[in-house]
Student: 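Take this structure first; my questions come after.
Just the heavy atoms: all of them, side chains too, but no hydrogens, waters or symmetry mates, feed the values below. Note that the structure is a prediction, hence the values are computed from the model and not measured. First the proteins, then the strands, lettered A, B, ... as listed; each starts at 1.
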There are 2 protein chains.
Amino acid sequence: MPIGFNQEDIQKLDAVVATRRRVKQGDNLFSNGDSFTSLFAIRTGFFKTCVSTADGREQVTGFQMAGEIIGLDGIVSDYHSCNAVALEDAEVCVMPFANVEDLSREFPQLQRHVHKIMSREIVRENSVMMLLGNMRAEERLAAFLLNLVQRLHARGFSQSELTLRMSREEIGSYLGMKLETVSRAFSKFSDEGIIEVKQRYVRIIEPDALKKIFDPQTCT
Amino acid sequence: MPIGFNQEDIQKLDAVVATRRRVKQGDNLFSNGDSFTSLFAIRTGFFKTCVSTADGREQVTGFQMAGEIIGLDGIVSDYHSCNAVALEDAEVCVMPFANVEDLSREFPQLQRHVHKIMSREIVRENSVMMLLGNMRAEERLAAFLLNLVQRLHARGFSQSELTLRMSREEIGSYLGMKLETVSRAFSKFSDEGIIEVKQRYVRIIEPDALKKIFDPQTCT
DNA sequence: AATTGGCTTTGATGCAAGTCAAACGATGGT
DNA sequence: ACCATCGTTTGACTTGCATCAAAGCCAATT
């Protein structure tokens, strides 16, 4: 929740949250084609969102963790155009979008907050397009790891250690590469002493080396 | 502008537009790092938006035509994170975002409209991610052409003929491929009699064949 | 302790797209 | 009309990643 509200406001703002909902690992919070009614704020757990073609190819469009909002894809056409899958047991706040809009009109701060969340998602997707369109496999993985660990750090976790919630295949789908290529890139980084990998546990030994792979110019 | 307003409302809504602005071909409407104050509605002309890395690689993130809104990337951090370049002489309506937010609070219809525009952009980017992550060169170009001609048709232009406003290199940047690969894909489609190409003029002879390339399953 | 199944790693090979290079074609200026 | 410039096409070659295949690792189950 954004800052700048008094006690009284905060009580009203609680009204955006209708209920909470638990989602078991592997279950969908919502699916492509579901009618859209609510945004979801992740309280605990970890999600992926993905779209798929008619012939079954799947593209992971994002990974979301506690504090992030999912469901924005549904606003435009009143039904969802992607799937949101829990990668571990999760709990979300259900925020009926009608409530969000009503209260946004009352509280400019909330209105601004909603706009920023949507804009942030647009900007994030811009940088994923850059990743997919211009970068090579190892650059993609380096950028991915740095982004993940940075977001986890902002939530109070370590900035050098993490446990991946997703498989090699899901990472590959997000980064536009095959699971074998993901695995090879992990092995390469590991051989070079940049990271330590043990299954889904990753420790970043040389963050600067990762940054350099991701962006060779700025990091001499 | 969305429907469902009466005469009086429409007059008030005119207040979102502060001024108009002309942008010459090749000029930037805004650039990465510019402070964000306004959204822009394209009246005439054609734009590309693009982001770039420190080492100079550029990724076109979208092409925008009359009636579309650009500048949404600036909301989250109050400065723009991409460049918007006019691909032909253009005119835009400048809509100071403060006005948009103020009037959104007054007119739920406008509020909804703004939300939908942002959501639509998120969904569009999702499908570009699918293109970049999962599709091969010819599929990407087929999808691109179909999307372009569909948007032009919605504006009253032909559904079988178009004049590209962008170079092979810009198409390639958008689709994550090199200009030579774009050119080869055009030549291939042309050899197969699916399209006719003469520089930037393109006539779609077999739209169904394009759809089939783009999505082999659903279009038997 | 052995078995099963899912995920991951590693190796060998093939291919789509990138790179390099040259020629061609349009366009605009002198 | 000519030339310079820029964008495009095409060909020959290279390469990074995908594909195919096999083996290894780990956790859960019997």
Student: If I compare all heavy atoms of B:M166 with all of B:F46, which pair ends up nearest, and what's the gap?
Tutor: CE-CE2, 3.6 Å
Student: A:E91 and salt bridge (charged side-chain N to carboxylate O under 4.0 Å, His left out): which partner among A:K24, A:R21, A:R43?
Tutor: A:R43
Student: How close or far is atom P of C:dT8 from atom CZ of A:F186, stated in whole angstroms?
Tutor: 9 Å
Student: Atom CD of A:Q25 and atom C1' of C:dG6: how far apart are they, to the nearest Å?
Tutor: 13 Å
Student: Examine the side chains of A:D73 and A:H80 and answer whether a donor and an acceptor come within less than 3.5 Å of each other.
Tutor: yes
Student: Take nucleotides 10-21 of chain C nucleotide by nucleotide from the 5' end and write B, S or -, depending on whether a protein heavy atom sits under 4.0 Å from the base, only from the sugar-phosphate, or from neither.
Tutor: BBB---SSSBB-
Student: Does a side chain donor of either B:Q25 or B:D89 reach within less than 3.5 Å of an acceptor in the other side chain?
Tutor: no
Student: Does A:K188 have any salt bridge (charged side-chain N to carboxylate O under 4.0 Å, His left out) partners at least two apart in sequence or in another chain, and if so, which?
Tutor: A:E138, A:E192
Student: Would A:R168 count as a cation-pi partner of A:F186, with NZ or CZ less than 6.0 Å from the six-membered ring centre and within 45° of the ring normal?
Tutor: yes
Student: Only counting residues at least two apart or in another chain, list the ones meeting salt bridge (charged side-chain N to carboxylate O under 4.0 Å, His left out) with A:E125.
Tutor: none
Student: In residues 189-201 of chain A, which residues come under 4.0 Å of DNA chain C by heavy atom?
Tutor: A:Q199, A:R200
Student: Regarding B:E196 and B:S190, do their side chains bring together a donor and an acceptor under 3.5 Å, going by distance alone?
Tutor: no
Student: Who pairs with B:E169 by salt bridge (charged side-chain N to carboxylate O under 4.0 Å, His left out), at least two apart in sequence or on another chain?
Tutor: none
Student: Looking at every non-hydrogen atom in both residues, tell me the closest pair between A:G176 and A:L132 and how far apart they are.
Tutor: N-CD2, 3.6 Å
Student: To the nearest Å, how far apart are A:I171 CD1 and C:dC7 C1'?
Tutor: 12 Å
Student: Taking any atom under 4.0 angstrom from a heavy atom of chain B, which nucleotides of DNA chain D are the first and last to qualify, 5' to 3'?
Tutor: D:dG7 to D:dA12
Student: Could you state the atom-to-atom distance from CD of A:E169 to P of C:dC7 in whole Å?
Tutor: 8 Å
